[in-house]
Amino acid sequence: MNRDWIATARTLSEALPYLQRYTGAVVVVKFGGNAMGDDEAMAEFARDIVLMRQVGMNPVVVHGGGPMINEMLKKLGIESQWVRGKRVTDKATVEVVEMILSGLVNKRIVQAIMDAGGRAVGISGKDDDLMVCEADDPELGFVGRPVEMNVQVLRDLYNAGIIPVVAPVATGMAENETFNVNGDTAAGAIAGALKADRLLLLTDVAGVKNEAGEVMTQLTPDEVREMTARGVIAGGMIPKTETALKALEEGVRAVVILDGRVPNACLLELFTDHGAGSLIRS
Ligand code: X2W
């Protein structure tokens with residue numbers, strides 16, 4: 001008999017306890033622009049999400065698309081400044097952000113999930129007032145901080161067997177306002193409001209590293225705070241760990257920061273003993 005078949009059957013068998021544990025689980029997956037890669041990586045991500053749905057989980061995808069926004073802004077000759085990891089967003093920029101995130105990127109992910117045999121519906125934070133924001137910081141312009149979440153639309157979608165795909169663009173308290181929301185922030189707020197079982201933050205680094213440069217597979221919020229105070233957690237990892245801590249405070253059971261470039265990263269994390277990346281929980 002072909003050895004690969006035996007290995008496949010064993011892998012499936014070993015996944016049984018995990019499949020049982022995660023039946024009905026709500027898993028919010030943040031798919032960042034840097035983790036999106038090429039068409040093949042997109043197709044593989046979509047297959048993982050469809051598989052999660054197929055085995056009875058309720059995946060909710062929240063995406064980014066920073067590199068795709070950069071590309072279009074460059075074509076239009078608009079420059080971006082960054083302050084503390086967020087794009088300073090003026091009126092012209094927020095229009096491009098909405099076009100790229102709600103249009104190009106959102107529909108590309110929806111299409112990939114449909115191609116993998118799932119059912120997906122793409123929305124943004126504007127739809128059904130899912131995510132209502134106020135200005136995060138006057139210095140940042142139209143960058144939103146979620147202040148009111150209405151997640152029933154997500155439950156309605158997944159209870160109907162549909163995978164929601166959410167673009168991090170939101171409405172404001174005033175009429176006709178549009179906010180650009182950092183993708184990690186949006187995913188954390190959605191996971192918190194859903195009291196999700198898992199928030200998976202797919203990124204392009206291996207996870208949270210200690211002084212020795214080794215990936216920490218498990219961390220508590222206290223350890224994260226202590227490593228941040230000592231400067232071991234720094235730079236681009238800070239918005240992710242801050243999102244993780246806030247989501248845990250809001251009732252998410254565990255947050256995993258994992259490398260989206262690893263093949264089948266979500267499956268590796270959810271369905272094997274090995275796991276992937278850094279799991280943070282109290
Ligand atoms: C982000 C939204 C997209 C995003 C931006 O304008 O790039 C802010 O910075 P990634 O791919 O997850 O980085 N918004 C306020 O978060 O994309």
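Model, not experiment: these values are computed from the prediction. Counting convention: from 1, in listed order, for ligands and their atoms alike.
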Less than 3.5 Å apart, N/O on ligand 1 and N/O on the protein: could you list those pairs with the distances?
unit_1   : atom_1 : unit_2 : atom_2 : d
ligand 1 : 6 (O)  : Arg87  : NE     : 2.7
ligand 1 : 6 (O)  : Asn180 : ND2    : 2.9
ligand 1 : 7 (O)  : Arg87  : NE     : 3.4
ligand 1 : 7 (O)  : Arg87  : NH2    : 2.9
ligand 1 : 9 (O)  : Arg87  : N      : 3.0
ligand 1 : 11 (O) : Gly33  : N      : 2.7
ligand 1 : 11 (O) : Gly65  : N      : 2.9
ligand 1 : 11 (O) : Gly66  : N      : 3.0
ligand 1 : 12 (O) : Lys30  : NZ     : 2.8
ligand 1 : 14 (N) : Asn180 : OD1    : 3.0
ligand 1 : 14 (N) : Asn180 : ND2    : 3.4
ligand 1 : 16 (O) : Gly183 : N      : 2.8
ligand 1 : 17 (O) : Gly65  : N      : 3.0
ligand 1 : 17 (O) : Gly66  : N      : 3.0

Any luck finding a side-chain donor-acceptor pair between Thr185 and Lys246 under 3.5 Å?
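Judged by distance alone, the side chains do not pair up.
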Between Phe31 and Phe45, how do the two ring planes meet: parallel, tilted or perpendicular, split at 30° and 60°?
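Aromatic pair Phe31/Phe45 classed parallel.
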Could you go through Arg84 and Glu242, starting from their C-alpha distance and side-chain angles, then the distance that decides it, and tell me whether this counts as salt bridge (Lys or Arg N to Asp or Glu O under 4.0 Å)?
CA-CA 12 Å; Arg84 291 180 293 281; Glu242 278 179 354; over 6 Å; no
Look at the side-chain heavy atoms of Ile, Leu, Val, Met, Phe, Trp and Tyr, link any pair under 4.5 Å apart, and say whether Val151 and Val132 land in one connected group.
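No, separate clusters.
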Quick one: closest heavy-atom pair of Ile280 and Ala244, and the distance?
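Looking at all heavy atoms of both residues, the closest pair is CD1-CB, 3.9 Å.
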Test your reading of the model: is there a side-chain donor-acceptor pair from Asp204 to the backbone of Ala35, 3.5 Å cut-off?
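A pair under 3.5 Å: no.
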